[in-house]
Each structure stands twice: as structure tokens, then as C-alpha cells.
There are 2 protein chains.
Amino acid sequence: MVKMADARILVVDDEPDILSVLVYHLSREGYRVTTAVNGQGALTMADAERPDLIILDLMLPGMDGYEVLQRLRRADRTSAIPVILLTARRAEDERVRGFEVGADDYITKPFSARELTLRVEALLRRAKAEPVSASRRIAVGPVELDREAHRAFSDGAEVDLTPLEYRLLEVLLERRGRVQSRRQLLQAVWDTNAAIETRTVDMHVARLRTKLGGAAPLIETVRGIGYRFRALDK
Amino acid sequence: MVKMADARILVVDDEPDILSVLVYHLSREGYRVTTAVNGQGALTMADAERPDLIILDLMLPGMDGYEVLQRLRRADRTSAIPVILLTARRAEDERVRGFEVGADDYITKPFSARELTLRVEALLRRAKAEPVSASRRIAVGPVELDREAHRAFSDGAEVDLTPLEYRLLEVLLERRGRVQSRRQLLQAVWDTNAAIETRTVDMHVARLRTKLGGAAPLIETVRGIGYRFRALDK
DNA sequence: AACGGTTGTGACAAACTCGTGACGCTTCCC
DNA sequence: GGGAAGCGTCACGAGTTTGTCACAACCGTT
């Protein structure tokens, strides 16, 4: 496995104890760690340092974690940086909201050093694997999309998709590996804040699954959250 | 030395290890690499993607490399793409057969990264020296256009086209394989930002289809988007 | 002015797409 | 174990998109 050390990680937390624990473990793994103790600092740091990963506590004085995340995602320079949210709360809707705003992963306090480093490694690996393709062609596992030709392939064979199915697949592929809530998908695929039942997304996911075929479920269901295209990059 | 990066290369191999080695080295050189793991996928891909170069393993499950190559050479759209054959076998007659079928070069496993990139560069340079289109004649599948004489042929027989139909066909042929929205076609064929209904395009496409004849739909409809000219293997 | 050919548009039918209610199954939680 | 919530899937009808016909406007030529 490729060693991911040398990656730069920005840790954002206002509690000194937690901050130091995080810095300790991450440094030990060989990451270069920088810190911020509030939202404004986090944004400044993210923009200046362009870290490879951000670990962000939800509870911050002033601007809270959600807002930091939202601003990160809106800014061109930082919108692609993977973010792990950190929270003491376990509530389900916290998670949902986090994913909807664009978090890539989630850690609840208390956490073990092992859990931390595992998730960090996983995210860095994934980020490296996907060179953020706005390109002509997206390929993930057996599925491919030729955007110029507007064609989709599964296992090399062309798959006939309706316009909506095509867009849905495109969005899922672009955000492969990340959970997308039904609402996010609605927003991305139907673009407007259309008055459409979220259940409708299920229907189209089912249609896509059928058309793409294959034994392994390429589009995974994340119960209570939404869907995720399996990240199968080689 | 001219930098050849940005060229698109299709790599066809069923062994994951070899595939990833190839992809790694080629990506490193700046090429845009796509892959296929069997013959059928390779053909589909070659037709859709129109890579600048194909690296083709002889040993494939199902349809073997020779057959893939033969079919490539028979298809108008892909017949000019340089192909490098890849094989573990050293036998002389393998090489001979490969060249007879239309390979441009040959690499035996194991190979060094340097050998690979040298041959790729050489072939791309050669291919670039002879530009394909903007020429007097465009031929795609059964359809041919003689631009100097301003005449069109289908299956060898001349087709009588109106000026507008001719321009529309020309545009579609030049951008074959890519979807063109009705608006794009209007812009390209009627050039001005003419105040013309987009539905009018449909009408002319229908007229073209009728005149070009043939069972196979040469001009494909991409529902919700527009039209795309397609070349079919013979 | 008539004529033959070309081109744009409205109209309509056919084909296709897509949202939704319904229902049964699974998973989760108490 | 039982109920509730989440999810997969079927079927259907309204709505949209496309293929095609017919026709009128236009244009250069006779």
C-alpha cells in the first residue's frame, strides 16, 4: 500500500485537550498538521495552506462547523478538500445534515486513535485516486461515461439511459464514494428546488441499477442517508 | 522534441497487474488513459472514444487481440488509429501475423517503462505528421463527402442534397460521435443566431435520414439532447 | 407571371419519460 | 415479538419529446 504520509492535515477544534490529542496521533503517523481554533481561522488556513484533509469539530465558538463546511464548499480553491466532521453528538439528523452540507466522513467523540487514522488514511487514499474529473470521460469500475458522446457503458457494452438516468449516473460517478442524500441528488439532478418526492429518487436509482446490471451492487444504499456509488478506482 | 501529452490512449488488457502498470506509466507521462478488459469493450471504446493510440494485448478472454485488431481495421472510424500489440510470446510468426493484420508496433512482455514510452511517442509523432480531417474527403461508414466537388455519397451512390442538407451532414460528420444539441447545430449550420425554431432541425435531420437511406440509423437521436452521427462497423 | 426547387413552421400522432400511489419486504427500535 | 420506518419494485397515466405530413413562403430562372 502506498504510504500517505507527508499529507497535510488541518485540524479545527476549540478544545485544547482534543486538539492536542488529534495533533499527537496524526503527527505520530507522519502527517504534517496545522491547527485552527475557530471558524474564521479555519477558512483562512484552508485557503492559505490548502491542506489535503480537514478535520472539523462541529461545536465551535462563533461560526459553527456547518457554516465553515458550507463556506469551504462554496469557495473554489477549497471545495474539493475532503472533510471529516467531529462531534460529540450522536443524533442521526446531525449526520444527515453533515453529509448534506458536504462532509466526507464523520467521527463521533470519543474516538480511538485507530479509528481516527483509519478514516484519515481511507479519505486520503480516495482523494488521491480521483483526480476530480470534469473531463470528457469518467470511468469507475465497470461503468463508464462518455460525456461528449453522451453515452454510458457497463462492462464495455453501451447502456441506453434516459436523460434523467444519465444525469443521475453522472452525479453519482462524480461524487463516487461519497454518500448523497436524496435531497442532494434532487438538487443536483433536477437542479431546481423542484417539488418532487424524495422517494422518486429511489425509483430512478432502482432503474439505474437494473440497466447497469452486474452482480455487485454498484450503487449502494446507505440506510437513513441516501446512496453512494462504490469507489472502485484502480 | 514535441510534447505529445494530452493524447488519449486506450489500453486493452485483461490482467489487472499489467493494466495498472501500463496506466501508471502512461498517466505519468501526461497521457489521458482509458482502459478495456476484453475485446468487445475495446471495440466499443475505440469507436466511442477515438483514442489517438491503442495498446492491445494479444491474449484476451473471448475475442483475442488479432480479431479485435481486424475489426478495428475494418471499421472506418477506427481504422486509422495506431495500434501497439502486446504479448508475452516471442515467436516470430506472432509478430508477422500481427503486422499482417495491421499492427503498427509490437512490445513483448516483460518491457521497460522506457521502451513503452519511446514506442508510444514514436507512433504518436508519426500519426500527428499525417493529419486526418479538414481534408477533401470525409468518409464515415457508408457515407462519404467530397468537399471539393461538393457531393455526397451513400453506399457509393451519389445522393442529391440541398445546400442546407449538405452543410448539416458535413457538420454532423465532422463532429461524429459527439452529441450536438439542436442549438449547436443551428449555430453551426445556419451560422447566424438565426431566429429559427429548434424543431426545424428535426425536420432536416429527418430529410437527411431519408435521403441517406440504409437500415441502420446513421444519425442517432439522443433524446432530450440532440443528434449524433454514428459510424457502424461493417 | 409561372415554375420547380428549397426551407421554415404548425399540427398531430406515436414513442418515450417520469412522478406517484400502492404494496410487500427488510431493518431497526423498543 | 411487534410496530414503525425505510426501501425496492410494479403499474399506470399525464406530460413531454420526436417523427412526419402538409403547406405556405421564398427565391432564382424562364
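Here is the naming used below: chain letters follow the sequence lines, and residue numbers restart at 1 for every chain.
- B:Arg182 has a carboxylate O that lies under 4.0 Å from a charged side-chain N of B:Asp202, or vice versa, which qualifies the two as a salt bridge.
- Of the possible polar contacts, one joining the A:Asp52 side chain to the A:Arg8 backbone as a donor-acceptor pair under 3.5 Å is found.
- Whole-Å rounding puts the B:Ile225 CD1 to C:dT17 P distance at 12 Å.
- The base of D:dG6 lies outside donor-acceptor range of the side chain of A:Arg199, with no N or O pair under 3.5 Å.
- When distances run from any side-chain atom of B:Ile196 to the nucleotides C:dT17, C:dG8, D:dC7, the shortest one goes to C:dG8.
- Between the side chains of B:Arg167 and B:Thr162, no donor N or O sits under 3.5 Å from an acceptor N or O.
- As a whole-Å value, the separation of A:Leu161 CG from C:dC18 C1' is 14 Å.
- Put simply, A:Thr162 has a side-chain N or O that comes within less than 4.0 Å of OP1 or OP2 on C:dC18.
- Residue B:His204 contributes atom NE2, which lies 13 Å from atom C1' of C:dG5 at whole-angstrom precision.
- With D:dC10, D:dC7, C:dG8 as the choices, the nucleotide that has an atom nearest any side-chain atom of A:Met203 turns out to be D:dC10.
- OP1 or OP2 of D:dG8 sits under 4.0 Å from a side-chain N or O of A:Thr221.
- Both A:Thr198 and B:Lys211 lie close to DNA chain C; mapped to their nearest nucleotides by heavy-atom distance, the more 5′-ward contact belongs to B:Lys211.
- Each of B:Leu164 and B:Arg223 was assigned the nucleotide of DNA chain C with the nearest heavy atom; the assignment lying further toward the 5' end belongs to B:Leu164.
- Distance CG (B:Leu168) to P (C:dT6): 15 Å, rounded to an integer number of Å.
- Remark: C1' of C:dT7 and CG of B:Asp202 are 15 Å apart, rounded to the nearest angstrom.
- Listed for the B:Asp155 side chain is no donor-acceptor partner under 3.5 Å among the backbone atoms of B:Ala157.
- Using a cutoff of 4.0 Å between basic side-chain nitrogens and carboxylate oxygens, A:Arg207 and A:Glu165 are not scored as salt-bridged.
- Residue B:Glu197 contributes atom CD, which lies 13 Å from atom C1' of C:dA11 at whole-angstrom precision.
- Panel note: side chain A:Thr200, backbone A:Ile196; no donor-acceptor pair is recorded below 3.5 Å.
- Between A:Tyr166 and C:dT17 there is no side-chain N or O to OP1 or OP2 distance below 4.0 Å.
- The CD1-P distance, from A:Ile219 to D:dC7, rounds to 15 Å in whole Å.
- Using five terminal pairs a side, the axes of the helix from C:dA1-D:dT30 to C:dC30-D:dG1 at its two ends make an angle of 30°, given in steps of 10 degrees.
- Per the geometry, CD belonging to A:Glu165 stands 7 Å off P belonging to C:dC18, to the nearest Å.
- Side-chain to base pairing of B:Arg207 with C:dG5: no donor and acceptor N or O lie closer than 3.5 Å to each other.
- Counting only distance, with no hydrogens or angles, the side chain of B:Thr35 and the backbone of B:Val11 share no donor-acceptor pair below 3.5 Å.
- Between B:Thr200 and C:dT9 there is a side-chain N or O to OP1 or OP2 distance below 4.0 Å.
- Side-chain atoms of A:Arg209 do not come within 3.5 Å of backbone N or O of A:Ala206 as any donor-acceptor pair.
- Distances shorter than 4.0 Å separate none of the side-chain N or O atoms of A:Trp190 from OP1 or OP2 on C:dC18.
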